[in-house]
Amino acid sequence: MKKTYIADLPKVIGEVVTLNGWVYNKRSSGKIWFLILRDGTGYTQCVVVKDMVPDDVFNLEADLTHESSLSVTGLVKEEPRAIEGYELEIKHIEVHQLADEYPISKKEHGTAFLMDNRHLWLRSRKQHAILKIRHEIIRACRDFFDNNGFVLVDTPIFTANVCEGTTTLFETEYFGRTAYLTQSGQLYNEAAAMAVGKTYCFGPTFRAEKSKTRRHLTEFWMIEPEIAYCNLNENMEWAENLVTYMINRVLEKCKEHLDILERDTSKLENITTPFPRISYTEAVKILHKQGEKFKWGEDFGGSHETVISDQFENPVIVHRFPSSIKPFYMKRDPKDENVVLGMDVLAPEGYGEIIGGSEREDDKNILIKRIEEEKLPMDAFNWYVDLRRYGSVPHSGFGLGIERCVSWLCGRTHIRETIPFPRTIYRLEP
Ligand code: 4AD
Ligand code: MG
């Protein structure tokens, strides 16, 4: 029998096909019963009529439990009253397994319960929609870089280098030495950019975030471009072009899934380039004007980011942060030593920082001084300083947090729903 997916039903109207899936729902009305089957590509109604199937097939209605696995064979018919406009007139049902009583029901469950059952929760409509949108976001980011001449160069997970501060390092024993799980592929990206010009890496990154917030995971995915001969302004252009490309792709391809999530897309549809650009100092003025107590030199917390981004409909780029709160590799502004040529992109609607990046320090002596000031082990950074010994050039890059973007585009309130199996301070299972 012709094996088909629910998403492909429109192509096989009038044919007898087999669908493989799971029981989503069923209801009976005497001599006829209905089964809603899901197969990962969609949901469809199957109709079982007493006189058209053997008795053992008709009698299955009594036994089939939610999430039982089945193969159903039947005739594909157009049916305007059915959810997707099609239905399957059943000829045969093969049961693979009758599911035990399923822990997740239609009633409301608490978050802790759902997270404990994350391996099952992924099957539910909204979580499935988020998985699909996440996939499209990742595809869009990769396509953006691939279409713009970037070369994917993979960076290691085990590293001897600190990139984003020593307080969030995960350490692991490495044949008698200490290795860290990577916080960012950036330092390796800088080496790759000197080899291929424009590069990107994409992978999981790790931070021992001790704070419990709705924006932080201990394991998250980041896509990071790095570009030789690129200054801060050009870096900001790459960032805004990537973000708009990603939004347009999701609006174009994921309408059905955004609808399932009840996402109001009007705010996303109105986003245009260029994004507003303000300096950190201007951002602090906004905070003061909005009545926030905030001292120049402090780092923004999530609530500060929300106050700043609420002033704009587009994402806003904040640049030139105080040198004291930013990592060793960021280039100081030649016009003002107190600030670095760094930038963050803040998403609207309270989603906060989705991108962090900078122009990199390209002077060997200044870089060495910065590494020493941060008390980082010079031995581990010799190779990185080499990049300033052998043909150093102005260069820039950034990192976009995939989960922050999924959260924003899907309109979720918490980052834990944006990654299949979230890792946070309290969660290692499932
Ligand atoms: O601003 P961050 O720390 O920048 C870097 O790691 C640079 N080395 C990237 C680069 O220039 N190549 O992190 C970049 C982005 C943030 O803007 C945020 O979207 C995301 O990564 N991010 C997190 N997402 C989830 N959980 C966390 N704990 C995150 N920390 C950062
Ligand atoms: Mg940052």
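Every heavy atom of this structure was used, including side-chain atoms; hydrogens, water molecules and symmetry mates were not. Counting convention: from 1, in listed order, for ligands and their atoms alike. Please read these numbers as outputs of a predicted model, since none were measured by experiment.
If you check the side chains of Glu282 and Ser279, you find a donor sitting under 3.5 Å from an acceptor.
Arg125 forms a cation-pi arrangement with Tyr24, by the criterion of a distance under 6.0 Å to the ring centre and an angle within 45° of the ring axis. Seen from the ring of Tyr390, Arg388 does not count as a face-on cation partner, given the 6.0 Å and 45° thresholds. With a 6.0 Å cutoff to the six-membered ring centre and a 45° limit on the axis angle, Arg27 counts as a cation-pi contact of Phe34.
Considering only non-hydrogen atoms, atom 16 (C) of ligand 1 lies nearest to Glu353 out of Glu219, Glu353, Glu164. The residue from Met330, Arg207, Glu190 that puts a heavy atom closest to atom 2 (P) of ligand 1 is Arg207. Relative to atom 11 (O) of ligand 1, the option among Arg360, Glu209, Glu226, Met222 with the closest non-hydrogen atom is Arg360.
Nearest protein neighbour of atom 19 (O) of ligand 1, counting heavy atoms only, is Ile354 O, 2.9 Å. For atom 18 (C) of ligand 1, the closest non-hydrogen atom of the protein is Arg404 NH1, 3.6 Å. Looking at atom 22 (N) of ligand 1, its nearest protein heavy atom turns out to be Phe220 CE1, 3.4 Å. Protein heavy atom nearest atom 12 (N) of ligand 1, with residue, atom name and distance: Glu224 OE1, 2.7 Å.
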For residues 148-159, tabulate all N or O donor-acceptor pairs below 3.5 Å that involve a side-chain atom, not counting sequence neighbours.
unit_1 : atom_1 : unit_2 : atom_2 : d
Asn148 : ND2    : Phe144 : O      : 2.8
Thr159 : OG1    : Asn161 : N      : 3.0
Thr159 : OG1    : Tyr188 : OH     : 2.7

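A donor-acceptor distance shorter than 3.5 angstrom exists from the side chain of Ser68 to the backbone of Ala99, with no hydrogens or angles considered. Panel note: side chain Arg360, backbone Gly397; a donor-acceptor pair is recorded below 3.5 Å. When atom types are taken as modelled, the side chain of His288 and the backbone of Lys293 share no donor-acceptor pair closer than 3.5 angstrom. Side-chain atoms of Tyr351 come within 3.5 Å of backbone atoms of Arg412 as a donor-acceptor pair (strictly under, hydrogens ignored).
Within the 4.0 Å heavy-atom cutoff, Glu403 does not count among the residues contacting ligand 1. Not a single heavy atom of Met343 lies less than 4.0 angstrom from ligand 1.
Protein N/O/S atoms found under 2.8 Å from the Mg ion (ligand 2), listed by chain and residue number: Glu353 OE2.
A heavy-atom distance below 4.5 Å is found between the side chains of Glu224 and Ser184. Using a 4.5 Å cut-off on side-chain heavy atoms (C-beta onward), Glu359 and His395 make no contact.
At a 4.0 Å heavy-atom cut-off, ligand 1 does not touch Asp344 at all.
The shortest N or O to N or O distance between Gln186 and ligand 1 is under 3.5 Å.
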